[in-house]
Amino acid sequence: MTKKVLVMAEIRDGELRNVSFEAVACAKLIANGGEVVAALLGDSVGEMANTLIQYGADRIVKVEHPDLKGYTTDAYQQAILQVMDVEQPESLVMGHTAIGKDVTPRIAAKLSAGLVSDVVNVELEGGEPVFTRPIYSGKAFEKKQVEEGLILVTIRPNNIIPLERVESLTGEIDSVQVEIKDLRTVIKDVVKKATGGVDLAEAKVVVAGGRGVKSAEGFKQLEELAQLLNAAVGASRGACDADYCNYSLQIGQTGKVVTPDLYFAFGISGAIQHLAGMSNSKVIVAVNKDPEAPIFEVADYGIVGDLFEVVPLLLEELKGAYV
Ligand code: FAD
């Protein structure tokens with residue numbers, strides 16, 4: 001059966017996040033030949049509508065309102081509910097991001113919908129979507145189906161491959177006017193932490209350090225390496241607890257979940273709580289001086305050695321490659 005699927009695109013710093021294109025690809029599959037409508041929420045969404053069409057959305061609805069400039073639960077919840085009311089989709093897809101995690105359970109509760117969160121793969125069985133999602137901190141996967149009614153889905157960034165961008169694609173661009181009232185929170189100011197540019201959750205390459213990095217100074221070398229690789233810097237909780245870096249870099253059960261193409265673990269032992277946040281990375285390279293470190297059990301490539309020897313060698317090699 002064909003379906004109408006709504007995608008909530010995410011904008012950060014005036015740009016569409018990659019996960020929005022992944023959500024369009026996921027929606028396309030769920031729609032099974034039906035219509036994929038992407039909603040763009042913001043105070044002014046400009047040219048981004050065309051980009052979403054080029055990535056496969058059939059139609060765009062712009063939802064522009066001054067209260068949608070930055071994310072607040074109240075404003076986004078109200079706006080999404082009103083768009084759902086106008087569009088009446090059979091399914092809604094968005095990223096399993098801070099915003100997606102916050103707003104989708106609220107929408108699901110309001111609309112008595114089924115919610116499948118943190119999805120890493122979708123297949124069709126008899127025309128109906130079957131979702132794969134990790135359970136037990138990534139140690140196993142379950143397959144889920146929503147038997148009837150509205151389905152809300154959040155997808156883990158970096159798992160579903162976006163459709164190829166076709167610049168010649170065109171589509172309809174509509175607007176939905178929303179009314180936003182009774183806001184309990186207002187954003188006064190956004191203060192950004194300097195984390196080196198690349199968004200950890202969406203990074204294709206992550207350079208992560210643990211307690212073995214030994215100091216904030218040691219992390220500077222990892223930052224340099226990350227810059228050369230266009231990677232994001234991440235960390236274990238050990239490194240964060242020791243104050244070598246900011247907690248916003250923590251990866252793991254109580255930190256961020258990442259699935260990059262390439263994950264470097266320098267001086268990270270590989271505790272189960274850390275593995276929960278990175279073990280689904282496509283290729284894992286571990287550098288640890290302890291040959292028994294559990295990180296080697298999940299690593300595709302392991303170097304038993306001192307990171308203070310290995311990192312400078314890598315830097316030298318990469319700098320040479322870019323001369
Ligand atoms: P360590 O375990 O101390 O390992 C340091 C490693 O560095 C060692 O393997 C050592 O051999 C190696 N090393 C030392 N010097 C060098 C060198 N010169 N060259 C190469 N290797 C070197 N942890 C997380 O990471 N993320 C989480 O989200 C998280 N959540 C948690 C939630 C709970 C409820 C609990 C109880 C714990 C949680 N932890 C989490 C903590 C986790 O259990 C570990 O304590 C933590 O991951 C250890 O960090 P580490 O690997 O950096 O440090």
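Both backbone and side-chain heavy atoms feed into the values below; hydrogens, waters and symmetry mates do not. Quick caveat: nothing in here was measured; it's all calculated off a predicted structure. Counting starts at 1 for both ligands and their atoms, in listed order.
- When the shell of 6.0 Å around CD of Q77 is examined, it contains more than 12 heavy atoms from other residues, nucleotides or ligands.
- Protein heavy atom nearest atom 21 (N) of ligand 1, with residue, atom name and distance: K289 N, 3.2 Å.
- Of the candidates A208, S269, S236, the one placing a heavy atom closest to atom 51 (O) of ligand 1 is S269.
- Electrostatic pairing of R133 and D118 does not count as a salt bridge here, judged by no charged N lying under 4.0 Å from a carboxylate O.
- Residue contact check: T254 has heavy atoms under 4.0 Å from atoms 27 (C), 28 (O), 29 (C), 30 (N), 31 (C), 32 (C) of ligand 1.
- Checking V122, V36, N121 one by one against L29, the side chain to side chain contact (heavy atoms under 4.5 Å, CB included) holds for a single residue, V122.
- Using a 4.0 Å cut-off between heavy atoms, I272 makes no contact with ligand 1 at all.
- Per-residue contacts place A271 under 4.0 angstrom from the following atoms of ligand 1 (heavy atoms of the residue considered): 42 (C), 43 (O), 44 (C), 47 (O).
- If you run salt bridge (charged side-chain N to carboxylate O under 4.0 Å, His left out) between K3 and each of E90, E35, E128, only E128 comes through.
- Closer than 4.0 Å to atom 17 (C) of ligand 1 lies at least one heavy atom of the protein.
- Considering only non-hydrogen atoms, atom 6 (C) of ligand 1 lies nearest to G267 out of G218, G209, G267.
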(message) As a quick check of understanding, evaluate side-chain contact (heavy atoms from CB on, under 4.5 Å) for V153 and S91, giving each step before the final call.
(response) CA-CA 8 Å; V153 184; S91 187; 4.3 Å; yes

(request) List the steps and the verdict of side-chain contact (heavy atoms from CB on, under 4.5 Å) for V186 and T72. (result) CA-CA 7 Å; V186 175; T72 62; over 6 Å; no

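- Here the protein heavy atom with the shortest distance to atom 46 (C) of ligand 1 is G238 N, 4.0 Å.
- Those atoms of ligand 1 that come under 4.0 Å of a heavy atom in G255, given as number and element, are 28 (O).
- Heavy atoms of F308 found under 4.0 angstrom from ligand 1 belong exclusively to the side chain.
- Nearest non-hydrogen protein atom to atom 15 (N) of ligand 1 is K214 NZ, 2.9 Å.
- Remark: ligand 1 and G210 share no N or O pair separated by less than 3.5 Å (distance only, no angle test).
- Taking atom 19 (N) of ligand 1 as the reference point, the nearest protein heavy-atom neighbour is L307 N, 2.9 Å.
- A donor atom on one side chain and an acceptor atom on the other are not found under 3.5 Å apart for T51 and E47.
- The only member of R17, K256, R12 that meets salt bridge (charged side-chain N to carboxylate O under 4.0 Å, His left out) when paired with E202 is R17.
- The heavy atom nearest to atom 28 (O) of ligand 1, considering only R211, Q250, R237, is found in Q250.
- Interface of D306 with ligand 1, defined as ligand atoms under 4.0 Å from a residue heavy atom, comprises 17 (C), 18 (N), 19 (N).
- Side-chain contact annotation: E10 with T97, donor-acceptor N/O pair under 3.5 Å present.
- Applying the 4.0 Å criterion to heavy atoms of G212 picks out, from ligand 1, the atoms 5 (C), 7 (O), 13 (N), 14 (C), 15 (N), 16 (C).
- For ligand 1, the atoms closer than 4.0 angstrom to any heavy atom of Q253 are 27 (C), 28 (O).
- The nearest heavy-atom contact from the protein to atom 12 (C) of ligand 1 is N288 OD1, 3.4 Å.
- The distance from ligand 1 to the heavy atoms of G305 drops below 4.0 Å at these ligand atoms: 19 (N), 20 (C).
- A donor-acceptor pair shorter than 3.5 Å cannot be found between the side chains of N280 and T259.
- Using a cutoff of 4.0 Å between basic side-chain nitrogens and carboxylate oxygens, D306 and K289 are not scored as salt-bridged.
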(message) Please evaluate residues L41 and Y76 with respect to the criterion side-chain contact (heavy atoms from CB on, under 4.5 Å), reporting the C-alpha separation (whole Å), side-chain torsions for both, the decisive distance (0.1 Å), and the verdict.
(response) CA-CA 8 Å; L41 276 58; Y76 270 64; 3.6 Å; yes

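- Using cut-offs of 30° and 60° for the angle between ring planes, the Y55 and F21 rings count as parallel.
- Counting protein heavy atoms only, atom 36 (C) of ligand 1 is closest to Q273 NE2, 3.8 Å.
- Polar contact check, I251 against ligand 1: a nitrogen or oxygen pair lies under 3.5 Å apart.
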